[in-house]
Amino acid sequence: MFRALIHLASFVVHLPLVTALPLFSSLSFVRPPRATLAFIDNNKRHNFDSSREKHMCSMSSSSPDEMSDADAYHEMISAAVDLTSVYVRNGIVSATRSVRDIDTNSRRTFLYSIPLASDRQQPFIPPPIELPVKIKARIPSPSGNKLAILVEENTPPLESNNGSENRRVVFEIWTDGGHRLANRIVLPKETHGQVCTDFEWFGGIGWSPDETALVYNAEVPSPKTVSFFDLSTKLTDGTVAGGQYTLGVGKSENWGEKYISTALLGLFCVNVETGQIGAVENVPMIRDPASTTGGYVLGQATFSPCGQSVVYTGWDAGGGGDMPRRLGAIYCFQRPCKIYSSPVSKLLRRLSQPQNDREEEGARDDEFDCITPNDRLARSPRFSKLVDGHSKLAYLCNTKGFDTHGGCMALHVADWNVSQGSIVKESQRMIVDVVSMPGETGDSAVVSGIQFPGLFLNQLPDQCFSPDMEHIVATTEWGSTTKVISISLKDGSVVPVDFDLVGNVDMQGKVDSSQRFLSFTDDGGAIVTQSEANFPTVLGCLQPDFLKSRMTIHSCRRIANIAPFSCTSSGRVNPFNPGTGYSYQIITIQPQHGDVKVPVGAVLLLPEQSENEKFPLIVVPHGGPHTCMPTSFERAGLSYGFLCKHGRYAILHVNFRGSTGFGQAALESLAGNAGSLDVLDVVAATHAVIDMGCVDPDRVGVCGGSHGLFSV
C-alpha cells in the first residue's frame, strides 16, 4: 500500500540542491508557482543519503568530459527552440525565435531567413538577426512585396510636453520586397491606446487584399476625466468630473495576468499610403453606457478576400447580458465569444483620400452582422484564397460552450459571397463536430494509444486552407502529442499527417514526436516542425503532394538545424547532441476506476541505462488542470530532461483524465472529482512504470505546480 509523505523539506533533502533548483524554474515559464515534492515508500523508511552521491553530479569537473550542474542546465535551455511568426514569401522562410536571457531575466528575439530552394544537403543559412526591443510586430503582405513593422519608440524631444509620456507607436511600411521604407505612420494617442500584439489570442493585424490598408485592434480611449476640485476646467467634450477613479470611466477591468493592459479593444483601419486612420464604428457596442465593465472586446480581425468587410471575434465583456468573466483569460478559453462581420468599403474609401479631400463623415458603412448567433463560443475566423471567384470562411466553435479551462472545438465552414462581402445565407456547415469519446470520428488512426479525440486547439493557422480548397491543415493535441492533421472539406474525415525529420520511426512505423504545421509554401508544400522530449525543435518542409499521398510516413526534408544560443554570460554553450543522454516513450494505461473509460497517457523519460540499473522516479502531474504535457523538448524535456540526463532520475509526466487531447468526456469527468480521479490516475500510471522494472519502487517522488501541486 502506497503511503505519501508530503513535505517541502523532502524535496531539498532527497534531491541535490543544485539539481532541484532548475525544476522550480521549469514550473514557472509564465510566473513562479510554488512546487513541492512527495516521496512514496512501501511502509518502510529508507536511507536516501546512501544513494544520493550516485545521482548527484559534482559541482567541480575533474575532467573535460564532466560538467557542473550549472553548465549542464545551460546546455539544455540553450538548445530550446521557440519559433513564432513563421511564414513563406518569395521562396524564403521567415521565422522569429525567442531566446532566454538569464542575466537580465528577459527574452531576446532573433529573425531567421531560410531559403527553401537548395540542392545542398546542408544548405547555407544566413546568421539570425537580433530584433530590437522596440519592434513589436512584423506583418508581411500577401504578395510579399510589402512589410508592415510596428515600432514603439521614444518621442523626439520637441514633441515632449511637460514631462508627459514620451513614447509613441509607429507603423513603418516597407515596399519593394521589404527593401524600401516608403512611409512612417504615427498612431495618434487621441485615436486609441496601446495596439494589441498578442497574436496567440486577442491580437491580429491584417492586410487588405489590395495591400493598401491594415486592420488592427487597440485599446479604445477612455473618457476624459478631471478632479472634482479642479474648478478651473470646463466640462466639455464629455469630460467626467470625479471619474478618474470610477470603474467604467477612468478605471477599467483588465483580463488578468498577461493581459493586465487589455481592457476594451476596438478595431481600426489605416491606409498605408495616405497614413489616414479611422475606427471601425459599425461593430458591437464596445463601451456600454449602462455597464461599468463594457460591451464587447474585439480582436482576431481579418479582411475578407473581396476587401469589402472585416471579420473578427467579439468577446462578451458585459454587453451580452451575462456577467463578464475576464480574469485568467490567459489559461481559460471558455469566455463567451462570437464571430462578426462589418462592411468597411466606405471607411476605406475615406481613408484613401488626403485629409483635405476626404468625403463627408456622414457616409457610413452598413451595420455589422453576427455570423455565429447560436454558438456560445466561436473564434479564429480564417479565409481561403480566391479560387475562380469563390472563397470560404472557416472558424472554430462550440455551440454549448464548456466550463472547463479548455475544451474540444468543432470546425465550421461557410461560403463567402465575394460580390456582396458577406457569407452566403444557409451555407454554414459543420465539418468536424465536438468529440466526446476518442474514435467517434476520424479514419480510425491511432496516435499515442488513442483514436482521434477531437479538435483541441486555440486557433487555426493563419493559412489553413490547402491551395485547392479541398482540405484544412491544422495542429491539434492528440493524446500525449501534438499532431498535424488534414481535414477533408468534402466528408469531414480527419487524417494525421505523419512525417519524420529526426529519424525516429518505431517498429510499427509510428512517430511519437510532437509536430506542428506552420504555413503552406508557394508550391503547395508545408512548413512544419518536429520536437521530441530529447530532441529540440527542427524545421522542415513537406513535399507539395503530401495531401494526396497515401504514404504512411510522408516525404519531407529538414531545412534548418537551429543551433543552440547561449543564455548567460557565465559560461559557454557546450555542444548539444540531440537524442542522447536519455530516451522517452509514451505509456498508455486503462484504469478501472472512474465513469469515463478513456486511456490515461503519460510520457516517461529514462536516463541511458547501464546493466540492471534502476532509477529513482519523479512523477509530475501537470498544472491546469485542463492542459496536456506533450512529447516536445520545450515542454516534457528541457528542465526535466536536465534532471533525467544529468541527475539520472526517471521522469513520469502523467496526463490524467481532465487533460486536453483525450476527448471532451474525459476532460469534463474531472469536474467534481479533482483530488480523487486525477490522483488515482497518477498512482495507476506510477504502478505501471514500477511494473516495467526500470525504476526503484523505494525511491519514488512526486512534484507539481499549480493544479499539479494540489494533486500532490
Side-chain angles (χ1 to χ4, degrees), residues 191-192 196 202 204 206 208-210 213-221 238 264-271 276-291 293-322 324 336-353 358-383 391-395 397 412 414-428:
T191 303
H192 57 67
C196 183
F202 288 113
S208 61
D210 61 2
L214 294 167
V215 61
Y216 61 97
N217 63 335
E219 286 290 323
V220 297
L264 294 176
L265 298 171
L267 298 183
F268 301 85
C269 288
V270 55
N271 186 285
Q276 300 297 318
I277 302 170
V280 182
E281 297 179 342
N282 53 333
V283 295
M285 185 178 298
I286 300 174
R287 191 177 295 278
D288 187 352
S291 170
T293 55
Y296 292 87
V297 169
L298 311 181
Q300 300 180 351
T302 182
F303 274 103
S304 63
C306 56
Q308 300 182 47
S309 302
V310 291
V311 177
Y312 51 93
T313 302
W315 285 267
D316 185 357
D322 295 329
C337 53
K338 299 181 186 298
I339 293 178
Y340 301 86
S341 171
S342 294
V344 292
S345 56
K346 294 179 181 178
L347 170 64
L348 295 179
R349 186 161 55 248
R350 290 200 306 273
L351 298 181
S352 66
Q353 301 168 347
R358 289 177 61 174
E359 297 178 2
E360 295 184 6
E361 296 295 326
R364 295 286 185 245
D365 287 294
D366 294 337
E367 290 297 312
F368 69 88
D369 176 40
C370 181
I371 295 177
T372 60
N374 300 320
D375 296 318
R376 181 172 176 80
L377 302 179
R379 60 177 186 255
S380 190
R382 298 289 187 265
F383 280 103
S391 179
K392 297 182 185 297
L393 171 67
Y395 56 90
C397 68
H412 285 209
D415 297 325
W416 187 260
N417 189 319
V418 176
S419 60
Q420 297 182 6
S422 61
I423 65 167
V424 177
K425 298 301 181 183
E426 300 183 357
S427 69
Q428 291 166 277

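All values below were derived from every heavy atom in this structure, side-chain atoms included, with hydrogens, water molecules and symmetry-related copies excluded.
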(message) Checking the side chain of Ser304 only, and the main-chain atoms of Ser309 only, is there a donor and an acceptor separated by less than 3.5 Å?
(response) yes
(request) Please assess Tyr395 against Gln300 for the test side chain to side chain donor-acceptor pair (under 3.5 Å), listing each intermediate value before the final yes or no. (result) CA-CA 11 Å; Tyr395 56 90; Gln300 300 180 351; over 6 Å; no
(message) A side-chain contact here means heavy atoms from C-beta on lying under 4.5 Å apart; do Tyr340 and Pro381 qualify?
(response) no
(request) Drop me the distance from Tyr312's OH to Phe202's CZ, to the nearest 0.5 angstrom. (result) 15.5 Å
(message) For the CG atom of Asp369 and the CD1 atom of Ile371, what is their distance to the nearest 0.5 Å?
(response) 6.0 Å
(message) Taking the basic N atoms (NZ, or NE/NH1/NH2) and the acidic carboxylate oxygens, is any pair closer than 4.0 Å for Lys338 and Asp375?
(response) no
(message) Between Asp365 and Lys346 (side chain of the first, backbone of the second, donor and acceptor by atom type, cut-off under 3.5 Å), is there such a pair?
(response) yes
(request) Compare all side-chain heavy atoms of Ser341 with those of Val310 and state whether any distance is below 4.5 angstrom. (result) no
(request) Go through the steps to decide whether Asn417 and Ser419 satisfy the test side chain to side chain donor-acceptor pair (under 3.5 Å), and finish with yes or no. (result) CA-CA 6 Å; Asn417 189 319; Ser419 60; 2.7 Å; yes
(message) Tell me if the aromatic rings of Trp315 and Tyr296 count as close, with their centers under 6.0 Å from one another.
(response) no
(request) Determine yes or no for a side-chain-to-main-chain donor-acceptor pair under 3.5 angstrom, with Thr313 supplying the side chain and Ile339 the backbone. (result) no
(message) Are the side chains of Asn271 and Leu348 in contact, using a 4.5 Å heavy-atom criterion?
(response) no
(message) Is there a side-chain contact between Asp316 and Cys337 in this structure, where contact means two heavy atoms from C-beta onward sitting under 4.5 Å apart?
(response) no
(request) Could you grab the distance from atom CH2 of Trp416 to atom OG of Ser422, nearest 0.5 Å is fine? (result) 6.0 Å
(request) For the pair Glu219 (side chain) and Leu264 (backbone), establish whether a donor and an acceptor sit closer than 3.5 Å, ignoring hydrogens and angles. (result) yes
(message) Using modelled atom types and a 3.5 Å cut-off, is there a donor and acceptor pairing between side-chain atoms of Asn217 and backbone atoms of Leu298?
(response) yes
(message) Please find the pair of heavy atoms, one from Ser427 and one from Val424, that lie closest to each other, and give the distance.
(response) OG-O, 2.6 Å
(message) Is there a side-chain contact between Val344 and Val280 in this structure, where contact means two heavy atoms from C-beta onward sitting under 4.5 Å apart?
(response) yes
(request) Can you see which heavy atom on Gly421 is nearest to which on Cys306, and at what distance? (result) CA-SG, 3.7 Å
(request) Give, for atom SG of Cys397 and atom CD of Gln428, the distance between the pair rounded to the nearest 0.5 Å. (result) 9.0 Å
(message) Would the distance check show the side chain of Ser342 and the main-chain N or O of Asn282 forming a donor-acceptor pair, the cut-off being under 3.5 Å?
(response) yes
(message) As an exercise, state the distance from CZ of Phe383 to CG of Leu393, rounded to the nearest 0.5 Å.
(response) 4.5 Å
(message) Side chains of Arg364 and Glu281, heavy atoms from C-beta outward: is any pair under 4.5 Å?
(response) yes
(message) Applying the side chain to side chain contact (heavy atoms under 4.5 Å, CB included) criterion to Tyr216, which one of Ile277, Leu267, Leu265 satisfies it?
(response) Ile277
(message) When you compare the side chain of Cys269 with that of Phe303, does any pair of heavy atoms fall below 4.5 Å?
(response) yes
(message) Is any side-chain heavy atom of Thr302 closer than 4.5 Å to one of Arg382?
(response) no
